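Accompanying notes for the structure given below.
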Amino acid sequence: MKNKIYITTPIFYVNDLPHIGHSYTSIICDALARFYRLNNFDVLFTTGTDEHGLKVEKAAEKSGMTPNNFVDKVSKNFRELLQKIDSTNTDFIRTTENRHEIACKKFWNTLCENNQVYLSKYKGWYSIKDESFYQEKELIKKNDSFFTADNEKVEWIEEESFFFKLSEWENSLLSYYENCPEFIQPKSRRNEVISFVKSGLKDLSISRTSFKWGINVEDHNNHIMYVWIDALVNYLTSLGYPNFKEKKNYWNECIHVIGKDILKFHAVYWPAMLMAAKLPLPKKIFAHGWWTNEGKKISKSLGNSIDPNKIIDNFGLDQFRYFLLREVTLGQDGDFSEKALKNRVNSDLSNNLGNLVQRTIKFLFKNFEGVLPSQLNLNSIDNYPLKDAYLLFQKVEKLINNLELSKGIDEIFVFISKLNKFMDESEPWNLIKDDRESTARVLTELIESFRVIGIILQPFLPIASKLLLDTLNIDNKLRTFEYLNSKNFLNKGHKLNEPKALFPRLE
Ligand code: MSP
């Protein structure tokens with residue numbers, strides 16, 4: 001039986017147009033999904049839109065539409081973005097769907113049955129932007145108002161509310177973090193969560209009565225569920241909860257990829273609620289960093305949000321994808337600028353990879369009619385490009401399993417640099433003058449190395465790697481990771497196709 005993995009993005013608030021931050025989460029997850037599929041895993045990959053709550057209700061009001069019409073319209077932008085990035089998600093959840101309402105109600109009722117919910121009154125601070133409750137000690141006071149660390153003004157609310165007994169779960173959470181050190185990543189985020197929980201948890205208000213746009217609490221129709229409960233349950237809805245059936249097996253293998261801003265909800269509230277509902281916890285929560293735009297925080301008020309559609313149109317999808325995945329270590333913040341993107345693309349993709357492939361295959365066509373000229377004898381392989389080629393996957397796999405995406409990609413490009421060095425040192429353009437056989441061997445080793453690169457780069461550069469594998473004339477069935485080993489090398493006489501430029505230089 002195949003190994004399973006379940007990869008999730010956060011579901012996106014539809015009060016806004018999609019921007020680079022949304023595409024970042026989706027591209028990380030898509031790269032992982034493609035990687036695991038090629039590595040013979042059964043992959044479920046879900047994403048979607050978070051359509052309830054006060055924030056969305058207000059946005060609908062502002063645009064003069066009913067919430068229903070509004071969410072239909074804006075949710076579409078997110079689905080279109082996924083098409084634009086050629087995302088391979090297996091599900092797209094909208095929290096306004098009937099299957100999700102069923103899941104939320106069941107989850108809520110389970111918490112009630114397990115004596116985890118009580119009715120009381122909430123009095124305290126609320127941030128509409130984060131859809132989050134705050135304790136006064138977490139806020140900054142300016143004049144007579146209070147603000148979050150992100151400078152968002154909070155409002156005081158007082159209303160009847162159901163509460164979840166979050167405070168009862170403090171010790172269970174702490175011992176879970178202790179026993180499963182891999183549960184929250186990166187490590188710095190894990191430490192943050194541990195100290196947040198250690199500082200004391202209060203029971204969590206989980207319903208609102210002052211507005212309407214959400215899922216009703218059964219038998220208490222004036223209450224709607226707190227939008228974060230509604231949102232988090234999407235990860236279960238996608239598996240068919242409450243009728244999990246065969247998909248339940250995926251839940252233990254779930255990786256939630258999220259932005260660092262929504263860590264508290266995923267690493268504190270969610271596991272506590274799952275424990276309270278007597279459900280297993282996901283395997284991992286990975287919090288990535290935030291992108292700034294030329295050094296500035298991306299925000300609606302600054303009007304500096306970056307439209308991923310435009311970047312893709314101007315620079316190309318693989319180029320955008322590569323930049324986001326390679327430029328920063330997953331978990332750290334990154335700064336987006338067109339200049340940095342161009343530099344990264346030109347140095348790694350055009351110069352290092354594209355030129356090497358182009359000049360090698362052109363040379364092969366000029367001198368050997370595009371046919372692999374030599375038979376590899378892998379028993380006696382002692383040269384560095386091929387030995388390294390066949391070891392590359394092990395190294396990359398380990399890094400990707402650790403969610404070290406940029407390091408994994410870097411490892412591939414270190415190998416590509418070595419191939420360039422090998423090409424330059426072998427000087428086939430001189431060698432051919434008096435040693436055709438050695439030239440044939442050098443070219444064959446390079447082309448076989450390209451086969452390995454083409455296969456391994458597929459999750460990160462889907463378009464260019466397809467072009468490369470098509471040029472190398474590799475059968476579609478022979479492109480998964482099991483063919484990365486030395487047993488599947490290309491034989492003498494294998495015919496290539498004319499090369500096309502993989503990455504034209506960006507000026
Ligand atoms: N709806 C909630 C998530 C519910 S999941 C059960 C939400 N939505 S969001 O649309 O505001 O954010 C979605 C994701 O985009 C988050 O992971 C967030 O971190 C990410 N990003 C939003 N802006 C970002 C940047 N500028 N940079 C990187 N990612 C950021 O939160």
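FYI, the numbering just counts along the sequence from 1. First listed ligand is number 1; within each ligand, the first listed atom is number 1. Just so it is clear, the structure is predicted and the values come from calculations on it, not from any experiment.
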Pair S207, H223: side-chain N/O donor-acceptor within cut-off below 3.5 Å: yes
Qualifying salt bridge (Lys or Arg N to Asp or Glu O under 4.0 Å) pairs, either residue in residues 340-352, two or more places apart: E327-R344, R344-D348
For P18, side-chain contact (heavy atoms from CB on, under 4.5 Å) partners two or more places apart: H22, N77, F78, L81
I285 CD1 to F265 CZ distance, which is reported to the nearest 0.5 Å: 13.0 Å
Table of N or O contacts for ligand 1, cutoff 3.5 Å:
residue: ligand 1; atom: 1 (N); partner: I11; partner atom: O; Å: 2.8
residue: ligand 1; atom: 1 (N); partner: D50; partner atom: OD2; Å: 2.7
residue: ligand 1; atom: 10 (O); partner: Y13; partner atom: N; Å: 3.1
residue: ligand 1; atom: 10 (O); partner: H22; partner atom: NE2; Å: 3.3
residue: ligand 1; atom: 17 (O); partner: G259; partner atom: N; Å: 2.8
residue: ligand 1; atom: 19 (O); partner: D261; partner atom: OD1; Å: 2.5
residue: ligand 1; atom: 19 (O); partner: W290; partner atom: NE1; Å: 3.3
residue: ligand 1; atom: 26 (N); partner: W291; partner atom: O; Å: 3.2
residue: ligand 1; atom: 27 (N); partner: W291; partner atom: N; Å: 2.9

Residues T96 and E51: side-chain donor-acceptor under 3.5 angstrom: yes
Side-chain donor-acceptor distances from residues 33-48 under 3.5 Å, at least two apart:
residue: R34; atom: NE; partner: D30; partner atom: OD2; Å: 2.8
residue: R34; atom: NH2; partner: D86; partner atom: O; Å: 2.6
residue: Y36; atom: OH; partner: N401; partner atom: OD1; Å: 2.7
residue: R37; atom: NH1; partner: T88; partner atom: OG1; Å: 2.9
residue: R37; atom: NH2; partner: T88; partner atom: O; Å: 3.0
residue: R37; atom: NH2; partner: T88; partner atom: OG1; Å: 3.4
residue: N39; atom: ND2; partner: E397; partner atom: OE2; Å: 2.9
residue: T46; atom: OG1; partner: S238; partner atom: OG; Å: 3.3
residue: T47; atom: OG1; partner: T9; partner atom: OG1; Å: 2.6

